[in-house]
Number of protein chains: 2
Amino acid sequence: MEVKYLSIYNDIMDSIENKIIKPGEKLPSENELMQKYDVSRDTVRKALDLLEGNGYIHKIKGKGSFVLDIAKLDFPITGIITFKELSEKMGVSSKTIVHELDLIKPDKFLVKKLELSKEDLIWRVIRAREIDDKRIILDKDYFNNRYVPSLTKKVCESSIYEYLERDLGLTIGFAKKEITVQQVSNEDKEYLDLEDYNMVVVVKSYTYLDDMSLFQYTESRHRPDKFRFIDFARRK
Amino acid sequence: MEVKYLSIYNDIMDSIENKIIKPGEKLPSENELMQKYDVSRDTVRKALDLLEGNGYIHKIKGKGSFVLDIAKLDFPITGIITFKELSEKMGVSSKTIVHELDLIKPDKFLVKKLELSKEDLIWRVIRAREIDDKRIILDKDYFNNRYVPSLTKKVCESSIYEYLERDLGLTIGFAKKEITVQQVSNEDKEYLDLEDYNMVVVVKSYTYLDDMSLFQYTESRHRPDKFRFIDFARRK
DNA sequence: CAGTGGTCTAGACCACAAA
DNA sequence: TTGTGGTCTAGACCACTGG
């Protein structure tokens, strides 16, 4: 809370999520917000720009800033969010089953994906995600050993990202994700409750640290009926 | 180019896309850019923030701004982009076949989707999109008649958005999109070259004008092997 | 230490919307 | 005409990086 515009952002975001300001209603003007928070207009505007970028409000010149109702009510893969954060947010029972956890010599495929040099080793983690007693998601994670020296079954069962950020002090910078649909593999059949589905939704992620080093490649394979992706877009 | 930070944004973006500044290289510092463009630091920063948000660069405190190579090289559905813009950008031969174009009284489903009142009529447009001689995408568009008074087959065959923005003077504000996977419908079978695929990727879009009025609902149904979605995300 | 990006301020002028 | 958000300026102090 030391950064002013972030605390203003959070304050207004809470008001919106708790329906203190309702969808369609107008926020106080930038002038009024300056007085309310006792900051300069630029600081208010930074907070409002963040809210607008994340789909909470829409600003109209000459009119004001208005609350939208199409924000974070849905399944969010937009942004970088972990399975644990997600299941907690959605409030559903969930379980993680670790099938593989080992430090391996990468094959050509991984050398290319993770831009590795010859000496690098990588952690391979294969986990099935269970929601409402159905195995719905198969996560195949690959971490560069250079940035992740050790990894335990316990960590993999809760949240790897929490471990990386809190214990290892790594800072995630950005990620590129790609969504496609593929035929099911034998691995999918073995680890997932696929019923009669013969295709899976595959989300490939390349995750970079704050210093721009690529440290993770992930393939997240979803049963198609349980996959949903929400995007909020603005016209450039 | 009347807005300074936008022209700086475009100038640097061009340098990146034309590889005048290569991936991994450092941009001039904000101080140097101030001098180069003869603007204040805040104006430089606005341009750089835009570049960062769109995945062109990454800024590191104390170090500088660095060019990424993971930007707009791929199939972009992120952002609001039309089929025409897309096929032109990808440089592939494409064709649009208009199957239906009529002004109808909405059913309950549409009344709800488009938040209509009793008197509203809507334009229904059903189009198949052909890429490399295969009918790959089925677009079902619904426009509120209040904002789109007339619509012709000719317009539907080229670009509806171009018509809306240039001829009708409408300004698109933002859109919410949802991606799911569904079983194929009879309509899909009739209008698409599905081969043996029994599922389609469905992209539902709700598009709003700049004054926040909802004017369009679209279902875009894609053959799964031809669907690809790229997302660039930053850790909040 | 000097250079970098991150935050914040106070003030200015503009374009747009509503009364 | 008044109030709104959009752009731009000039200056300040901070935290972080690297030599």
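Each chain gets a letter, A, B and so on, in the order the sequences are listed, and its residues count up from 1.
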Other residues, nucleotides and ligands only: do more than 12 of their heavy atoms fall within 6.0 Å of CG on B/Asp38?
no
Can you confirm whether B/Lys26 is buried at NZ, in the sense that more than 12 heavy atoms of other residues, nucleotides or ligands lie under 6.0 Å from that atom?
yes
Does a salt bridge link B/Lys22 with B/Asp69, judged by any charged N lying under 4.0 Å from a carboxylate O?
no
Lys/Arg-Asp/Glu bridge criterion (N-O < 4.0 Å) met for A/Lys113, A/Glu219:
no
Measure from [atom1] on [X] to [atom2] on [N] and round the result to the nearest Å.
| X | N | atom1 | atom2 | result |
| --- | --- | --- | --- | --- |
| B/Asp42 | C/dA10 | CG | P | 15 Å |
| B/Arg41 | C/dC8 | CZ | P | 13 Å |
| B/Lys46 | D/dG6 | NZ | P | 9 Å |
| B/Ile8 | D/dT7 | CD1 | P | 13 Å |
| B/Asp210 | C/dC16 | CG | C1' | 11 Å |
| B/Phe66 | D/dT17 | CZ | P | 12 Å |
| B/Tyr9 | D/dT7 | OH | P | 14 Å |
| A/Asp49 | D/dT7 | CG | P | 9 Å |

Between B/Tyr56 and B/Ser65, is there a side-chain donor-acceptor contact under 3.5 Å, judged purely by atom types and distance?
no
Residue pair B/Tyr206 / B/Glu115, side-chain donor-acceptor N/O under 3.5 Å
no
Of B/Val125, B/Ile122, B/Leu101, the residue whose pairing with B/Asp141 passes side-chain contact (heavy atoms from CB on, under 4.5 Å):
B/Val125
Selection from C/dT7, C/dT4, D/dG5 that lies nearest to any side-chain heavy atom of A/Val3
C/dT7
Within the side chain of A/Asp11, is there an N or O that forms a donor-acceptor pair under 3.5 Å with the backbone of A/Ser7?
no
Contact class for B/Ile60 (heavy atom, under 4.0 Å): base, sugar-phosphate, or nothing?
sugar-phosphate
Report yes if a side-chain nitrogen or oxygen of [X] is closer than 4.0 Å to either non-bridging phosphate oxygen (OP1 or OP2) of [N]; otherwise report no.
| X | N | value |
| --- | --- | --- |
| B/Lys4 | D/dT7 | no |
| B/Ser40 | D/dG11 | no |
| B/Tyr5 | D/dC8 | no |
| B/Thr43 | D/dT7 | no |
| B/Ser65 | C/dG5 | yes |
| B/Lys63 | D/dG18 | yes |
| A/Lys59 | D/dG6 | yes |
| B/Arg45 | C/dG6 | yes |

Going by heavy atoms closer than 4.0 Å, what residues in residues 24-31 of chain A are next to DNA chain D?
A/Ser29, A/Glu30
